[in-house]
Amino acid sequence: MMNSYNVYQRLLIAYGVQGWWPLLQRNSRPGYTQEGYHPGVYSLELTPNERFEIITGAILTQNTNWANVRRSLTTLLENCHLGPEFFCAAEHIDLAALIRSSGYYNQKAKKLKTTAGFFLARGAANETPPSRKELLAIWGIGPETADSILLYAFNQPVCVVDAYSMRIFNRLENRGSSEGGEWTYMGLQAKFKAELPVDVEVYNEFHALLVEHGKRYCTSKNQKCFKCPLKSECRFLAQNS
DNA sequence: GCCCAGGAGCATA
DNA sequence: TATGCTCATGGG
């Protein structure tokens with residue numbers, strides 16, 4: 001069984017640096033791609049507006065394709081509406097219309113207003129990261145969104161786990177009921193923390209690489225295992241081919 | 001037409 | 001604690 005760091009190294013060689021979290025406010029600037037990614041650039045001094053863009057994106061991308069989220073973020077930026085003041089002041093129906101392309105727009109409008117209220121109330125305290133417990137107490141922020149905000153918006157050394165991570169590691173070990181059950185969020189997060197160097201850049205890339213791997217090869221159905229860069233170590237492939 | 005996407009909250013048991 | 005349901009657009 002490969003440990004997390006071996007998986008990280010293998011995926012980094014296969015896919016290269018991903019440069020999350022994309023910052024649309026900086027797209028097309030030197031070091032940034034048109035999509036706002038910044039591969040290899042990590043010493044970012046985020047402005048409050050950029051931090052809030054990441055927080056907004058983390059909520060909008062819940063169970064949603066990033067391309068749909070990018071449309072919403074672009075619309076918000078073009079209208080100078082991407083900020084906690086606007087989210088709090090806006091009517092629900094207006095905010096929902098602006099984020100329509102992200103799906104779940106009624107739920108997400110409520111989540112954004114609630115979250116904006118939290119960060120607006122903190123004011124200058126937004127220079128320092130909130131606690132995970134504080135984030136989880138906000139309606140609409142669960143484990144993955146909280147950890148994404150801590151890692152990508154506040155550069156805290158927190159590992160992010162998502163549906164792709166669990167699928168990939170369940171398959172690598174082929175964990176099912178006979179293997180002690182599938183990975184849980186907290187269980188896999190503890191494994192990552194134990195096996196990876198404590199490094200914000202590694203955590204940043206690792207989560208992004210797992211998402212890329214899930215999209216390219218480790219898909220829910222019709223896996224493309226024959227070209228998978230992890231296939232030599234994967235017990236799922238060994239037992240399903 | 002179907003399935004999926006960088007989840008979370010809530011009801012039910 | 002553990003499933004199951006709901007939320008919803010847009011691309012393959």
Side-chain angles (χ1 to χ4, degrees), chain A residues 7-8 11 15 17-24 33 35-39 53-76 92-93 95-116 118 132-154 158-171 175-177 180-189 192 203-224:
Chain A
V7 172
Y8 161 77
L11 296 181
Y15 306 137
V17 292
Q18 301 297 300
W20 281 27
W21 188 285
L23 281 168
L24 299 184
T33 70
E35 304 295 317
Y37 294 97
H38 41 95
E53 178 188 324
I54 294 172
I55 293 165
T56 302
I59 291 171
L60 290 180
T61 199
Q62 290 173 359
N63 203 34
T64 300
N65 189 310
W66 180 255
N68 290 6
V69 176
R70 179 154 31 80
R71 288 190 190 89
S72 299
L73 292 174
T74 301
T75 301
L76 291 166
H92 172 92
I93 190 172
L95 183 56
L98 287 165
I99 61 169
R100 182 178 181 280
S101 66
S102 299
Y104 307 118
Y105 49 79
N106 281 315
Q107 282 199 351
K108 286 176 179 174
K110 181 181 173 185
K111 292 178 180 182
L112 289 178
K113 286 178 76 68
T114 308
T115 305
F118 171 81
R132 190 174 195 268
K133 187 176 178 182
E134 284 179 301
L135 291 173
L136 289 175
I138 300 171
W139 189 91
I141 295 187
E144 183 185 341
T145 307
D147 291 334
S148 290
I149 290 171
L150 289 171
L151 176 60
Y152 291 106
F154 290 96
V158 175
C159 291
V160 179
V161 177
D162 70 332
Y164 285 129
S165 313
M166 300 212 257
R167 180 195 301 160
I168 291 164
F169 278 87
N170 282 333
R171 286 179 178 171
R175 281 172 72 106
S177 54
E182 300 187 341
W183 283 109
T184 62
Y185 190 100
M186 297 307 289
L188 196 51
Q189 189 177 44
F192 290 170
Y203 292 174
N204 179 322
E205 278 296 332
F206 187 49
H207 174 55
L209 286 165
L210 287 172
V211 172
E212 185 63 21
H213 183 60
K215 288 199 281 201
R216 287 205 205 188
Y217 298 111
C218 206
T219 51
S220 61
K221 294 184 177 178
N222 303 317
Q223 308 85 7
K224 298 156 187 168

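Note on naming: letters A, B, ... go to the chains in the order of the sequence lines (proteins, then strands), and numbering restarts at 1 for each one. Atom set for the values below is all heavy atoms of this structure, side chains included, hydrogens, waters and symmetry mates excluded. These numbers come from a predicted model, not from an experiment.
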Value in whole Å for how far the P atom of B:dA5 lies from NZ of A:Lys108 = 13 Å
Rounded interatomic separation in angstrom, taking CD1 from A:Ile99 and P from C:dA8 | 9 Å
Winner on side-chain proximity to A:Arg100, out of C:dG10, B:dG7, B:dG6, is C:dG10
Where the side chain of A:Trp21 is defined as all heavy atoms beyond and including C-beta, which of B:dC3, B:dG6, B:dG7 is the nearest nucleotide?
-> B:dG6
Evaluate side chain to side chain contact (heavy atoms under 4.5 Å, CB included) for A:Tyr203 paired with A:Val160, printing each intermediate quantity in order.
-> CA-CA 8 Å; A:Tyr203 292 174; A:Val160 179; over 6 Å; no
Would a 4.5 Å heavy-atom cut-off, applied to side chains only, mark A:Trp21 and A:Glu53 as touching?
-> no
Measure from the side-chain heavy atoms of A:Arg71 and tell me the nearest of B:dG7, C:dG10, C:dA8.
-> C:dG10
Starting at the 5' end of DNA chain C, which residue's closest nucleotide do you reach first, A:Ala67 or A:Thr64?
-> A:Thr64
When you match A:Ile141 and A:Pro22 each to their closest nucleotide on DNA chain B, which lands nearer the 5' end?
-> A:Pro22
N or O in side chain of A:Tyr105 less than 4.0 angstrom from C:dT9 OP1/OP2 = yes
Check every strand shown and say whether A:Trp20 touches a base, only sugar-phosphate, or nothing at a heavy-atom separation below 4.0 Å.
-> base
Quick one: A:Gln62 CD to B:dG7 P, roughly how many Å, whole number?
-> 8 Å
Nearest to the side chain of A:Tyr164 - B:dG6, C:dA8, B:dA8?
-> B:dG6
Name the nucleic acid region contacted by A:Thr145, choosing base, sugar-phosphate or nothing; use a 4.0 angstrom heavy-atom cut-off, strictly under.
-> sugar-phosphate
Send over the distance from A:Ile54 CD1 to B:dG6 P, rounded to a whole Å.
-> 18 Å
Quick one: A:Leu150 CG to B:dG6 P, roughly how many Å, whole number?
-> 21 Å
Assign A:Ile138 to base, sugar-phosphate, or nothing according to its heavy-atom contacts below 4.0 angstrom with the strands shown.
-> sugar-phosphate
Is the aromatic ring centre of A:Tyr104 closer than 5.5 Å to the centre of the six-membered base ring of B:dA8, with the two planes inclined by less than 30°?
-> no
Counting side-chain heavy atoms from C-beta on, which of B:dG6, B:dC3, B:dA8 comes nearest to A:Lys111?
-> B:dA8
Is A:Tyr37 touching bases, backbone alone, or none of the nucleic acid, heavy atoms closer than 4.0 Å?
-> base
Closest of B:dG7, C:dT9, B:dG6 to the A:Lys215 side chain is B:dG6
Proximity to the side chain of A:Asn65 - top-ranked nucleotide from C:dA8, B:dG6, B:dA8 = B:dG6
Are any of the side-chain heavy atoms of A:Pro22 and A:Trp66 separated by less than 4.5 Å?
-> yes
Separation of A:Met166 atom CE from B:dG6 atom C1', in whole Å?
-> 13 Å
Any side-chain heavy-atom pair from A:Phe118 and A:Ile55 closer than 4.5 angstrom?
-> no
Can you sort out the partners of A:Thr64 under side chain to side chain contact (heavy atoms under 4.5 Å, CB included), two or more places apart, ordered by chain and number?
-> A:Asn68, A:Val69, A:Tyr104, A:Lys108
Under 4.0 angstrom, heavy atoms only, what part of the nucleic acid is A:Gln107 near: base, sugar-phosphate, or nothing?
-> base
Looking only at side-chain atoms of A:Asn68, point me to the closest of C:dT9, B:dG9, B:dA5.
-> C:dT9
Is A:Ser220 near enough to B:dC4 that one of its side-chain N or O atoms lies under 4.0 angstrom from OP1 or OP2?
-> yes
Please state the P separation for the pair C:dG12 and B:dG6 - nearest whole angstrom.
-> 13 Å
In short, salt bridge (Lys or Arg N to Asp or Glu O under 4.0 Å) pairs touching residues 58-70 of chain A with sequence neighbours left out are A:Glu35-A:Arg70
Comparing A:Lys110 and A:Ala163 on DNA chain B - which has the more 5′ nearest nucleotide | A:Ala163
Specify whether A:Tyr15 and A:Tyr217 have parallel, tilted or perpendicular ring planes, treating 30° as the upper limit for parallel and 60° as the lower limit for perpendicular.
-> parallel
Can you tell me the distance, in whole Å, between the OH atom of A:Tyr185 and the P atom of B:dG9?
-> 13 Å
If you measure from the ring centre of A:Trp66 to the centre of the six-membered ring in the base of B:dG6, is it under 5.5 Å, with the planes under 30° apart?
-> yes
Could you state the atom-to-atom distance from CZ of A:Arg167 to P of B:dG7 in whole Å?
-> 10 Å
